[in-house]
Amino acid sequence: MADNTTLAATVRTEFGKGAARRTRRAGQIPAVLYGHGSDPIHLALPGHDTFLALKDNANALLTLEFDGRSELALTKDVQRDPVKRTIDHVDLVIVRRGEKVVVDVPVHVEGESAPGTIHTVESQTLSVRAEATHIPEALTVSIEGLTEADDVRAASVPLPDGVELETDGDTVVVSITVPRASADDLEADEASAAAGASAGEAGEAAAENDGSESGSDES
């Protein structure tokens, strides 16, 4: 389960792109907090601490302290710079202890399938319902010993106590196959082999011609 990180936030009174850029230049991250019938609250979060809290957890649970109050919040959306991967903006939703929420949780594959096979992750995340304070960071799927044509479906993925699957149980999460050359690959191999054979024949013919010309010069 994810840890609860406490962040000291400040309320933003300036809005717009210019204000957001100034917030980021000051080492903070613009954020919006909403939910439970409250008006959206525009916040500035401490840049480094927020980056660490969200680094490996898409559903980070945060305790936000600002203006003498404390709110428990769940990360809903993180906007990142496409090149630097720094955090540009965060959307947060207020939650209460004991409240259940629906979130998408990443799938983690462990183990080795049978020799000669490969695995393909068909579903990178699974949707689950869990208490806001007990959201798993990842769901582990074992492929140990699975053979060709085997698959793991959502209904068979182990879930922590109190966590319920929202994704259709028949959804394929991981499939096991044996890599095979496609018709295009075979055609390309045949063309390459034919080209190699032609080059070899041309080389032999050139060598014979060189030999004949050398014999003629000696006579």
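Only this structure's heavy atoms are used, side chains among them; waters, hydrogens and symmetry mates stay out.
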| said: Looking at every non-hydrogen atom in both residues, tell me the closest pair between A138 and H108 and how far apart they are. | reply: CB-CB, 4.3 Å
| task | Identify the two heavy atoms, one from V105 and one from P136, that lie closest to each other, and give their separation to 0.1 Å. | result | CG1-O, 3.4 Å
| query | By side chain to side chain contact (heavy atoms under 4.5 Å, CB included), which residues pair with R69, not counting sequence neighbours? | reply | I41, F66, E71
| message | Using modelled atom types and a 3.5 Å cut-off, is there a donor and acceptor pairing between side-chain atoms of S123 and backbone atoms of V172? | response | yes
| query | Can you find a heavy atom in the side chain of V128 that is under 4.5 Å from one in the side chain of L139? | reply | yes
| said: Once side chain to side chain contact (heavy atoms under 4.5 Å, CB included) is applied, do any residues pair with S70, and if so which ones, sequence neighbours excluded? | reply: T63, E65
| task | In sequence, state the C-alpha distance, the side-chain angles, and the governing distance for V157 and L165, and then conclude on side chain to side chain contact (heavy atoms under 4.5 Å, CB included). | result | CA-CA 9 Å; V157 175; L165 182 68; over 6 Å; no
| field | Atom of S175, atom of D151 and distance for their closest heavy-atom approach | value | CA-CB, 4.1 Å
| field | Nearest atoms (heavy-atom pairs only) where P40 meets V32 | value | CB-CG1, 4.0 Å
| note | Here the pair of heavy atoms bringing L62 nearest to A53 is CD2-CB, 3.9 Å
| Main-chain N/O of D88 paired to R24 side chain as donor or acceptor, under 3.5 Å | yes
| In terms of hydrophobic clusters joined by side-chain contacts under 4.5 Å, are V178 and I118 together? | no
| message | Test of understanding: with side chain to side chain contact (heavy atoms under 4.5 Å, CB included), list the residues that count as partners of Q124, not counting sequence neighbours. | response | V121
| field | Non-neighbouring partners of D67 that pass side chain to side chain contact (heavy atoms under 4.5 Å, CB included), sequence neighbours left out | value | V11
| query | Could you give all pairs that pass the salt bridge (charged side-chain N to carboxylate O under 4.0 Å, His left out) test and reach residues 101-120, with sequence neighbours left out? | reply | none
| Which pairs, with at least one residue in residues 12-21 and sequence neighbours excluded, count as a salt bridge (charged side-chain N to carboxylate O under 4.0 Å, His left out)? | E14-R22
| Exercise: identify the closest heavy-atom pair between L126 and A154 | CD2-CB, 4.1 Å
| field | ring-ring contact (aromatic ring centres under 6.0 Å, His included) pairs, two or more places apart, involving residues 32-63 | value | F15-H42
| message | Would you say that T167 contacts V173 through its side chain, given a criterion of any heavy-atom pair below 4.5 Å between the two side chains? | response | no
| said: Tell me which pairs pass salt bridge (charged side-chain N to carboxylate O under 4.0 Å, His left out) where either residue lies in residues 32-56, with sequence neighbours left out. | reply: none
| Does anything in residues 119-129 pair up under salt bridge (charged side-chain N to carboxylate O under 4.0 Å, His left out), and if so which pairs, sequence neighbours excluded? | R129-E166
| note | Hits for ring pair (Phe, Tyr, Trp, His ring centres under 6.0 Å) against H119, two or more places apart or cross-chain, chain-then-number order -> none
| request: Could you list all the side chain to side chain donor-acceptor pair (under 3.5 Å) pairs where at least one residue sits in residues 139-149, not counting sequence neighbours? | output: T147-D150, E148-R180
Which donor-acceptor pairs under 3.5 Å do side chains of residues 77-87 form with protein atoms, sequence neighbours excluded?
| from | atom 1 | to | atom 2 | distance (Å) |
| --- | --- | --- | --- | --- |
| R80 | NH1 | R85 | O | 3.4 |
| D81 | OD1 | V83 | N | 2.8 |
| D81 | OD1 | K84 | N | 2.7 |

| request: Test side chain to side chain contact (heavy atoms under 4.5 Å, CB included) on I143 and T117 and set out the steps. | output: CA-CA 11 Å; I143 60 169; T117 64; over 6 Å; no
